[in-house]
Amino acid sequence: QEQLVESGGGLVQGGGSLRLSCATSGFTFSIYAMGWFRQAPGKEREFVAYISRSGEVIYSDSVKGRFTISRDNAKNTVHLQMNSLKPEDTAVYYCATHDAGAYYARESFRSWGQGTQVTVSA
């Protein structure tokens with residue numbers, strides 16, 4: 001059974017940093033691309049970042065230059081380093097396993113974690 005467990009969220013002041021982690025189990029992590037999405041209250045879940053199995057990365061325009069996605073295949077973990085945080089980054093952040101299809105589309109991902117809350121104060 002595939003499991004994804006996010007951690008590292010919290011409350012931070014604007015301009016601060018957080019590092020999210022997603023620990024996975026139940027599948028061969030190294031052969032799958034992974035993604036991070038986020039969902040703010042009253043909004044749709046949106047794409048944040050993607051990392052291929054070979055380490056190629058893609059970011060949404062809203063986080064490019066501030067966030068960094070990385071993976072540790074030895075620990076079956078994917079990370080999201082978030083710097084220069086803004087109040088508009090406030091959301092529940094989810095990691096997910098890419099199955100097939102567009103890297104930015106929710107339906108392309110087959111397994112999701114429970115999410116971790118990130119709150120950025122002004």
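Please read these numbers as outputs of a predicted model, since none were measured by experiment. Quick note: residue numbers are just sequence positions, from 1.
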Exercise. If you look at every heavy atom in Arg53 and Ile31, which pair is closest and at what distance?
Worked result: CD-O, 3.4 Å

Exercise. Which atom pair, heavy atoms only, marks the closest approach of Ala122 to Pro87?
Worked result: CA-CG, 3.9 Å

Would you say [X] and [Y] are hydrophobically clustered, going by side-chain heavy atoms of ILVMFWY under 4.5 Å?
X      : Y      : result
Val92  : Leu80  : no
Leu11  : Leu85  : no
Val78  : Val5   : no
Tyr93  : Tyr104 : no
Tyr103 : Val57  : no

For this session: Give the intermediate values and the outcome of side chain to side chain contact (heavy atoms under 4.5 Å, CB included) for residues Asp89 and Phe67.
Result: CA-CA 11 Å; Asp89 294 318; Phe67 290 12; 4.0 Å; yes

Exercise. So, the side chain of Ser108 versus the backbone of Ala100: is there a donor-acceptor pair under 3.5 Å, distance only?
Worked result: yes

Problem set entry | Side-chain (Thr90) to main-chain (Val120) donor-acceptor, under 3.5 angstrom | yes

Exercise. Which one of Thr97, Thr77, Asn73 satisfies the side chain to side chain contact (heavy atoms under 4.5 Å, CB included) criterion with Phe29?
Worked result: Asn73

[atom2] on [Y] to [atom1] on [X], rounded to 0.5 Å:
X      : Y      : atom1 : atom2 : result
Ser52  : Arg71  : OG    : CZ    : 7.0 Å
Gln117 : Glu6   : CD    : CD    : 12.0 Å
Cys95  : Gln114 : SG    : CD    : 8.0 Å
Leu20  : Met82  : CG    : CE    : 3.5 Å
Ile69  : Glu56  : CD1   : CD    : 12.5 Å
Tyr50  : Ser60  : OH    : OG    : 15.0 Å

Problem set entry | Test side chain to side chain contact (heavy atoms under 4.5 Å, CB included) applied to Trp112 and Arg45, step by step | CA-CA 12 Å; Trp112 296 81; Arg45 191 171 298 188; 3.3 Å; yes

Exercise. Parallel, tilted or perpendicular for Phe47 and Phe37, by the 30°/60° rule?
Worked result: perpendicular

Problem set entry | Aromatic plane relationship, Phe109 with His98 - under 30° parallel, 30 to 60° tilted, over 60° perpendicular | perpendicular

Exercise. Does atom CZ of Arg66 have more than 12 heavy-atom neighbours, drawn from other residues, nucleotides or ligands, at distances under 6.0 Å?
Worked result: yes

Exercise. Does a sphere of radius 6.0 Å around CD in Glu88 hold more than 12 heavy atoms from other residues, nucleotides or ligands, not counting ones at 6.0 Å or beyond?
Worked result: yes

For this session: Using the side chain to side chain contact (heavy atoms under 4.5 Å, CB included) rule, take Tyr94 and Leu4 through it: C-alpha gap first, then chi angles, then the decisive distance, then the call.
Result: CA-CA 9 Å; Tyr94 300 88; Leu4 293 81; over 6 Å; no

For this session: Check whether any side-chain heavy atom of Glu46 sits under 4.5 Å from a side-chain heavy atom of Arg38, and report yes or no.
Result: yes

Exercise. Taking the side chain as C-beta and beyond, is there a heavy-atom pair between Glu2 and Tyr32 under 4.5 Å?
Worked result: no

Exercise. Would you call Lys64 and Asp61 a salt bridge, taking side-chain N to carboxylate O under 4.0 Å as the test?
Worked result: yes

